[in-house]
Every structure is written in structure tokens, then in C-alpha cells.
Amino acid sequence: MPLMKNETVPILKSEEVSDVVINSLPGVFYVQDQDGRYLRWNKNFEITSGYSANEIAALNPLNFFEEKDHERMINIIGKVFEEGSAEIEIDTINKFGKRIPFYLNGRAVIYEGKPCLIGMGIDITERINAEKEIKTKESHLIALFENMGGAIFLLDTEKKLVIFNGELARYYKILTGKDPEPGEQAYNFLPPDELKARYEILDRVLAGSKEVIEVDYERGGERYFFRSGYNPIITDGKITGISCYTVDISSLKKAEQATQKAQKRLNYHINNGPLAVIEYDKDMRITFWSKRANDIYGWKEEEVIGKKLSEFLIYKEDITKVNEGLQEQEVRQEKGPLANRNYSKDGRVLYTRWYNSFLTDDQGNIETIMSIIRDVTDLWKAELQKEEMANDLVKRNNELEQFTYIVSHNLRSPVASLIGLTQVLSEFELREDEKQDIINGISQSAGRLDEVIRDLNDILHLKSNIEDKKERVVFSTLVSEIERGMAQDFNRGKYFIETDFSSVDEHYTVKNYMVSIFGNLISNSIKYRKEHEIPVIKIKSEVDGPKMVLTFIDNGIGIDVNKNNNELFGLYKRFHHHVEGKGLGLYMVKSQVETLGGKITVVSELNKGTEFKIEFSL
């Protein structure tokens, strides 16, 4: 190795070399005699202590320590001179009162012909602080380790316990009756077959897998449930053990079992009770469909889950009402009932009452709606029958009033004529021609009386044996038959009938009634035509949900409906007198329609024609 040039390398004497070495030391250096006088020291001593060289020369070693540590320092110094060396960690005090932890060591030597102590010291503040931080973290880790709410433990590669917390000790005590020990083989309390299965799991973990299992044990007549997780410990890329946790989930499992039992009971009552239960979201998509809902509506759960109620269940004319009703109930926090009509799978219309409850989130937004549904179709039919009976009683009362009117007017007039004529015939001497006139009058009165009696007979027999007379009636054929029968009364070229039975051309009903209904309406349209206009009669059938609608429209002289509304279908009521008639036709039409379970309405204006609509259930 080449030597440096002389001008760049200081030439030092042996004493100067000694000073350079001493001042290059990283800590403090000092030499003191047995009397405690400092003979030599380095610059770091002056810097750390804050004292000057002159001040240090006048100080005793005990001046650098608190009084409570003097005895320790006296003993450690004495030990150096007695045994040759000693060391200590102790807090020093500098000139400014700052406490600085130091590691000090000393060795006994002969310096300048007398016993002395050569000492060195290193500021260990950073190490002390690092140790404190480590202890703090360690205490936090231990606290975390002990308060995780479960057993935490480590196994080595031989499946032996390395370290564990108090919770594992508690579990071991429950399961084995004793405390675990470090180095103990894990799970040695298990029966052989269970131990083998557990070790197979641990072997997979040692091969790099992560495992979670749930197990249960019975001890002292009580069953315990645990969930355990196992993860490999990897150090420098090598698996060195297993990190394990075990949580006592007995309370959770028992709660789950209680919940399952409660759910099972609830499901039993939901599915076997008299009411259907349907749950759906805010978009009305079904999320739950009870067995009773299946029984009532006919659809199975797998057929309806995810579908909207409005797509298949709610009667189309009630959809708006149901939506508005649900919104109103949500705002008012009402639970029902909400009456509406529903479809069944086989196409029947069911009358139902929905009792609704709303589950909302923290912001008040609907999450789900549960409806408990009662099928009130039979009740509705019973109420309808009561209503029909009441209406029938009112109708019959009106008919009785009509009969009273007939008796007081239509019957009384011909009877009075008969009585008067017979009295004249019996009390007076009459010529032959006068007798013949009276006999003719008697005959006319008897004919009018017979006509009224025949009308009454037709009315009284209107509903007799209706069920026995029902048959399939084809509308297009019916109109053709009526036209052929009317040929002798009306010239076919002087009226037109347009029909459209494309929607429905047949109905199971009482044919004689339908012949009478069609015949009367067609006949009236021809008889009450405009004077200089050919009658055109349009007959059309339509399907409206569960109903069939028959429409009869003509271009005749019409009726003042506003004026005659209450008498429009009355017995012997006539609104045009330029054509011969009795006022019986519309009365018979309405009576026959209602007898068949239908409904008839009319829209008409003078000189603008008439439209009759007849509705029957399909």
C-alpha cells in the first residue's frame, strides 16, 4: 500500500496519538484515580456533561449523578478497584440538570504509577426509548391478544402449543378439566378419529392452505359450539407454524336454533293459516309467497318469485287504486284493509282484503311490504246475493205497483165497459142493430181484457224454469232467424242490419229470452226510424275483462233520456205515439236481461239515434 505524502499526514507524538484515539471514541472516555479526581477525558465528556475542562478537573464523579444513586456509584467504583472491572446502566445529570441515561463500564489500571479507573460511557437514550416503545407495543399486543373475545394460540410445525391467551386456557379447562401447557400436543383431548381429522386440517395449513371449521362438543350434559380458523405463519418465505383462533359460538348457535324453531313455527302458521301472506319490494316484485297464497290463487312459489303483482295478480282496473291505496297507507302508517280484486291462475276473479305493513330503512325508504290477504269472494257473493235480494224486493215492489196500475187502469177500463154494456143490454129494450153494437163493444172490451191478461201472464212467467232452458246461442244465427221472422212485418230493402261478432259470437243462455231481447231492440229501431232515412242498425259484441258487452246502435228518432229516464223501461210506457205499440217491449227487454244476470243501459238524444249496451258475465 503506498504511503501518503508527508505534507498531508500530520506527524504525531505518542501522546498526541493517544489524544486522537480517545477523542475519536463514540462515547465518553475518562480516567479517574481512587480519590475520584479526573486525570484525563475526551471532548465528548465535555460536550455531553456541559462542563468545561477546568470544571471537570475540579469535580468528583458523584457530581454527575443524583443523590439517590450515589451509593450505587460508590459500590460500582469500589467493585472496579476490587474485582478489576464493572458495568452499570444509570441516569447521569449534566450541568443543566438534564437527565441522560448512560451505559458505563470501568476497568482498573495502573496509570502514571498509581491505581486508576479507565471508564467509557455510551448515551443509551435512543435504546431506552426504543425499549419503552417495544414494551408499550408489547403490552398493547398482549392486551389485544387477551381481549380478542376468543382463543388465540400459535402452533409450531409439530402441532405443539407455542403461546396462547387466557381464553384458550378457559376452553381447555371446560373441555379437559386442566390447563394447557406450552409444548403440549394440540387437541390431544380429542378421540382418535376426531384427532386424525383435525390433524389432516392442520397438515393442509402447513402446506399453505387457510381453513375455517365449526365443531361441537358435549361436556357435562351441555353442548358447546366453536368456530376455529387456521392460517400458516410464513417467515422468510417458509412456513414456520400455524396461527389459530377459536371462538365460542354456543350462544350464537343456540340463538340460531331458537330462531330456526321460531321461524319454523311462524312458517307453519303462515302456511297453514286461513290467510295468504305475500311479501314484495317497493317495485311490487314478489319476494315471499306462502303456501296459503298458493292454495288461494293457484300459483306456486317458483312461478311468482320476482314477478310484479301488477303483471298477473291484481285486477287490471284496480291497479291504480291499489298503488294509490298503498301510498296513502304508507304515509298514514295504516295497515288496511285495502279491498281489491285479484286474478287466480284459472282465470277467476277473487275479491280480497289486504292488510299491509311496511318495512323501511333508516331514511324512511320502503324496503319491503308484507300483505296478509283474506279471500272474501264467498262473503262478497253472499253480500251480493243480499243486495240482489234487496234489489229484487224493490223490483218486485215496483212490479206490484205496476200491477196495481194495470188493475186500476188497464183492467178496470175494459171491465167497466163490459159491466156498462151488459147493464144496457139487460135493462133496456134495444133494436137489433143497437144490440149488435153493444155485442161488438163487449167483444172489443173482452179482447182488450184478454190482451192485458196475456201480458200479465208473460211477465209472471218471465223467470220460471230459467236454468232448465239454457243452451248455446250463436248471435249471427240468431240475427238471421229474427230477420226471416220479421220479413212479413218489414220490407227488408227498407232497413239494414250490420253485425260484428268477431270478438264473441256465442253465449250459453236462454235462447227464447235472447230472441225476445234482440227482436224487440231491432223492431224498435225500425219502427221508430226517421221519416225520410233508411234505418241502419249496428250490432256488435266485445269482451271487457270478465264481461261480454252487446251494443245496439241505430240512427232513429231517439228518446229524450233526460226527460224520461225514470220511466224508460217502465211497463206500458210509450214516448212516441205516431206508431202503434203497447209500451211493453223495453220493459220485457230489461226484465229478461236482468233475469239472465245482466245489465242494460241506454244513451240517446232526440233525432240523433239510440245506443243500448247490454252486459253479461262470461
Would [X] and [Y] count as having a side-chain donor-acceptor pair, cut-off 3.5 Å?
{"X": "D505", "Y": "S476", "value": "yes"}
{"X": "S516", "Y": "N520", "value": "yes"}
{"X": "N555", "Y": "E533", "value": "yes"}

Indicate yes or no: does [X] engage [Y] in a salt bridge with an N to O separation below 4.0 Å.
{"X": "K547", "Y": "E615", "answer": "yes"}
{"X": "K253", "Y": "E214", "answer": "yes"}
{"X": "E542", "Y": "K613", "answer": "no"}
{"X": "K291", "Y": "E301", "answer": "no"}
{"X": "D283", "Y": "R285", "answer": "no"}
{"X": "E328", "Y": "K321", "answer": "no"}
{"X": "E605", "Y": "K608", "answer": "yes"}

Begin from the C-alpha positions of K345 and E303 and carry the test salt bridge (charged side-chain N to carboxylate O under 4.0 Å, His left out) through to its verdict. CA-CA 11 Å; K345 187 176 182 179; E303 295 179 285; 2.9 Å; yes
For a 4.5 angstrom cut-off between non-hydrogen side-chain atoms, does [X] reach [Y]?
{"X": "R292", "Y": "I270", "value": "no"}
{"X": "Y280", "Y": "L313", "value": "no"}
{"X": "L550", "Y": "M514", "value": "yes"}
{"X": "L326", "Y": "F358", "value": "yes"}
{"X": "D554", "Y": "I522", "value": "no"}
{"X": "F496", "Y": "I537", "value": "no"}
{"X": "I305", "Y": "F288", "value": "no"}
{"X": "L586", "Y": "L521", "value": "yes"}

Separation of [Y] [atom2] from [X] [atom1] (nearest 0.5 Å):
{"X": "I366", "Y": "Q327", "atom1": "CD1", "atom2": "CD", "result": "8.5 Å"}
{"X": "Q329", "Y": "S371", "atom1": "CD", "atom2": "OG", "result": "8.0 Å"}
{"X": "L252", "Y": "R227", "atom1": "CG", "atom2": "CZ", "result": "6.5 Å"}
{"X": "S617", "Y": "K599", "atom1": "OG", "atom2": "NZ", "result": "11.5 Å"}
{"X": "R374", "Y": "L350", "atom1": "CZ", "atom2": "CG", "result": "14.0 Å"}
{"X": "T610", "Y": "I553", "atom1": "OG1", "atom2": "CD1", "result": "10.5 Å"}

From CA spacing to verdict: side chain to side chain contact (heavy atoms under 4.5 Å, CB included), I373, Y297: CA-CA 11 Å; I373 301 167; Y297 293 109; 3.5 Å; yes
Mark yes or no for whether [X], through its side chain, and [Y], through its backbone, hold a donor-acceptor pair below 3.5 Å.
{"X": "N272", "Y": "Y268", "value": "yes"}
{"X": "S604", "Y": "G609", "value": "yes"}
{"X": "D500", "Y": "S502", "value": "yes"}
{"X": "S591", "Y": "Y587", "value": "yes"}
{"X": "W299", "Y": "S344", "value": "no"}

As a quick check of understanding, evaluate salt bridge (charged side-chain N to carboxylate O under 4.0 Å, His left out) for K511 and E481, giving each step before the final call. CA-CA 12 Å; K511 183 175 181 179; E481 292 174 353; 3.6 Å; yes
Going through the checks in order, is the ring-ring contact (aromatic ring centres under 6.0 Å, His included) test met by Y343 and Y315? CA-CA 6 Å; Y343 294 113; Y315 192 71; 5.3 Å; yes
Do T368 and D281 pass the side-chain hydrogen bond (donor to acceptor under 3.5 Å, both in side chains) test, and can you show the C-alpha distance, the side-chain angles, and the key distance before you say yes or no? CA-CA 4 Å; T368 60; D281 62 20; over 6 Å; no
Determine the sole option in T352, D318, D375, T377 for which the side chain to side chain donor-acceptor pair (under 3.5 Å) test with N342 is passed.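 When side chain to side chain donor-acceptor pair (under 3.5 Å) is applied between N342 and each of T352, D318, D375, T377, only T352 qualifies.
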Stepwise side-chain hydrogen bond (donor to acceptor under 3.5 Å, both in side chains) test for Q263 and N267: CA-CA 6 Å; Q263 187 66 45; N267 287 340; 3.0 Å; yes
Residues E256, I249; criterion side chain to side chain contact (heavy atoms under 4.5 Å, CB included); working and verdict: CA-CA 10 Å; E256 286 179 355; I249 57 172; over 6 Å; no
Going through the checks in order, is the salt bridge (charged side-chain N to carboxylate O under 4.0 Å, His left out) test met by K316 and E311? CA-CA 9 Å; K316 67 178 182 178; E311 291 177 352; over 6 Å; no
Please work out which of the three classes, parallel, tilted or perpendicular, describes the rings of F552 and F518, given edges at 30° and 60°.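 Rings of F518 and F552: perpendicular, as their planes differ by over 60°.
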I need the minimum non-hydrogen distance between Y508 and R472, along with the two atoms involved.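 Of all heavy-atom pairs spanning Y508 and R472, the closest is CD1-N, 3.8 Å.
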Could you go step by step and tell me if V543 and V549 meet the side chain to side chain contact (heavy atoms under 4.5 Å, CB included) rule? CA-CA 6 Å; V543 175; V549 181; over 6 Å; no
Please walk me through it: do E317 and D544 pass side chain to side chain contact (heavy atoms under 4.5 Å, CB included)? CA-CA 11 Å; E317 294 180 0; D544 183 11; 4.1 Å; yes
One pair to check against ring-ring contact (aromatic ring centres under 6.0 Å, His included): Y217 and Y224. What are the steps and the verdict? CA-CA 5 Å; Y217 308 102; Y224 296 89; 8.7 Å; no
